[in-house]
Amino acid sequence: MSKLKRTHTCGQLRTKDIKTTVNLSGWVNSVRDHGGLIFIDLRDRYGITQVVFNPDKGKNLYETAQQLRHEYVVAIQGTVSARPAGTTNPNLDTGEIEVYADTIEILNKSETPPFEIGNESNVSLELRLKHRYLDLRRPIMQKRLIFRHKICQTIREYFDRLNFVDIETPVLTKSTPEGARDYLVPSRINLGKFYALPQSPQLFKQILMVAGYDRYFQIVRCFRDEDLRAQRQPEFTQMDMEMSFVDENDIIQVIEGLMAIIFNKVIGKKIATPFPRISYKEAMTSYGCDAPDLRFGMKIKDISDIVKTSSFKVFLDVIKSGGQIRGLNATGCSNYSRKDIDDLTAFVGQFGAKGLAWFKVEETGLTSSITKFFSAEILEKIKQRMDAKSGDLLLFVADKPKVVCQSLAQLRLHLGHKNKLIDANTFNFSWVVDFPLFDYNEDLKRYEALHHPFTSPHPDNLPFMEERPLEVKARAYDLVLNGVELGGGSIRIHTPEVQKRVFRLLGINDENAYKKFGFLLDALKYGAPPHGGIALGIDRMVTLLSQLDDIREVIAFPKTQKATCLMTDAPSEVDAEQLKELGIRLV
RNA sequence: GGGGCCGUAGCUCAAUUGGUUAGAGUACCAGACUGUCGAUCUGGAUGUUGCGGGUUCGAGUCCCGUCGGCCUCGCCA
């Protein structure tokens, strides 16, 4: 260890410290060698301080200073001095002062780094991930991870104050059907058997409610073995909580309070609560998705009823086969060229839409290559339905509801960004509520849980659950921020009877249910209190609050799109001996 | 599993319809310089054009394959 134990950080010294002797430690950010005078910027995570080396202070000192290069780690001792008039640096918090070095110790040298440790990063993500220790050394990355820490710390303080208990749940647990693909871990002691890494601690937190803990929370890692996206990593972090003796509003209130305090303490902003609530049906009808971005309008409208009397075969065929015609008003976009519209058509094509019908709104009325199929009366009705004014462009998709929803939802976002309708500085929270409990999977020909199989049906719907499953409402709620699902939760089923009924509807017979979820069904038998909770994606939350769009920017060691770690080279092959012990043979 | 974009000096990029010795900025190295702070000035060194094959008189450029990174559809209760 250095004899020069640091007394201050590199972001700390001010004019009031002038004439004191200090020790600083840090990384050499830059060297400016004037021959007879050497300046270095010394950096640590608190800031940058300029250190001056003068040959008058001794030959050894000066010769050592001449050896300094980028990212050398040094400790110096020196005197804090006012900078001469005209040489202060307003860009540095410490720019009024500098430290005249008396002693320097090179604690470690550094090879020339593969990229510069500045705030500007033109460097490829690939290189950043490979040398993540250097990337994370950049002030901007340190700021992001510290920001994340502060959010997590605020969450912990908040829940602690409300009497929640932080309880750890297993990482080696049981593989369950449905949901995402599990990451599996072979068991050496039980050859041929596997643990799964948790997709979430869902069942454990419910069990904790049965155990009487009443209020649980955890900031916890979750794992899902699915393909990656900019917003999706195979391992991610959730703020997970569960409460007993509550209804939807209790959970919602606690989370609104949490978000308000995070904004207040971490960002210094006030946000209005309660957050608006929008039904799943309204979200799908007006925005085409269950996590609508409410920062701008451009709502989706249905014109199926209007155009069913037209002679446009494309529309008529779609209606006949149970589809719909919906569209949106691209306000002020009637100047779009043929190519612009072709591009939009290609855009919706990737979501399954076979085409994009369009009308330009002009003073004289609607113009398009397909107006001849529509009577003047129909065109007028379309214009009214779409609130169209001269200069607008109306875009329609005709297809199955699912395709229409997805392509219009994406088109709406696309146009919102393209036409700069979205204020990037607003934080728009909302709750999406009144979800259906079940969804019908056409491919598998069976019902699936929209949320998860432990979500409570609305009690009023229990009598007809088996007869009309799709009409059953779930006691579920999703928190949406700027069009991104931050998380979701529900009031859970707390009786074995209802839980078994839901399993049966999902095609899980009692025998299988016991095999997979017996511990839950058993637990529900022994006095399970009514309970519910929610989980929020921390990575997404931090990303959005940092106004970034890639969760890798707020995760210290993220994986690539192929789910590898470029720094450690995980996953990697293992010794034949290791496989043998596990009873595993590669095929 | 499908579709798309990208890969040239340590880094970020350029290189005309395929054309002669693959360049620039920056970083790096050396020298000069006592008030710089993106220091400056002078000089220098730096390439398996990801890899393999093909087309061609000639390939960084075109084609096929492969590896890697990214975006996306499916997938993600």
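In what follows, every chain begins at residue 1, and chains take the letters A, B, ... in the order their sequences are listed.
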Would you mind classifying the nucleic acid contact of [X] as base, sugar-phosphate or nothing, using non-hydrogen atoms under 4.0 angstrom?
X	result
A:L127	sugar-phosphate
A:F39	base
A:Q406	sugar-phosphate
A:T88	base

Determine whether A:S30 and A:R32 make a side-chain contact, defined as any pair of heavy atoms from C-beta on separated by less than 4.5 Å.
yes

May I ask you to test the A:L536-A:M541 pair for a side-chain heavy-atom distance under 4.5 Å?
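Side chain of A:L536 against side chain of A:M541, heavy atoms only: contact under 4.5 Å found.
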
Can you find a side chain N or O atom of [X] that sits less than 4.0 Å from OP1 or OP2 on [N]?
X	N	value
A:T564	B:G69	yes
A:Q199	B:C76	no
A:R232	B:G74	no
A:H131	B:G10	no

Sub-3.5 Å donor-acceptor pair from the side chain of A:K516 to the main-chain atoms of A:A513, do we have one?
no

Round to a whole Å and report the spacing from CD of A:E126 to P of B:C71.
12 Å

Using the P atom as the point on both nucleotides, what is the distance between B:C13 and B:G50, in whole Å?
14 Å

Closest-nucleotide 5' rank along RNA chain B - winner of A:A230 and A:V52
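Going by which nucleotide is closer to the 5' end, it is A:V52.
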
Nearest-nucleotide comparison on RNA chain B, the residue closer to the 5′ end among A:P453 and A:E98
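Result: A:E98.
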
Is there a donor and acceptor pair, one atom on the side chain of A:Q50 and one on the base of B:U36, closer than 3.5 Å?
yes

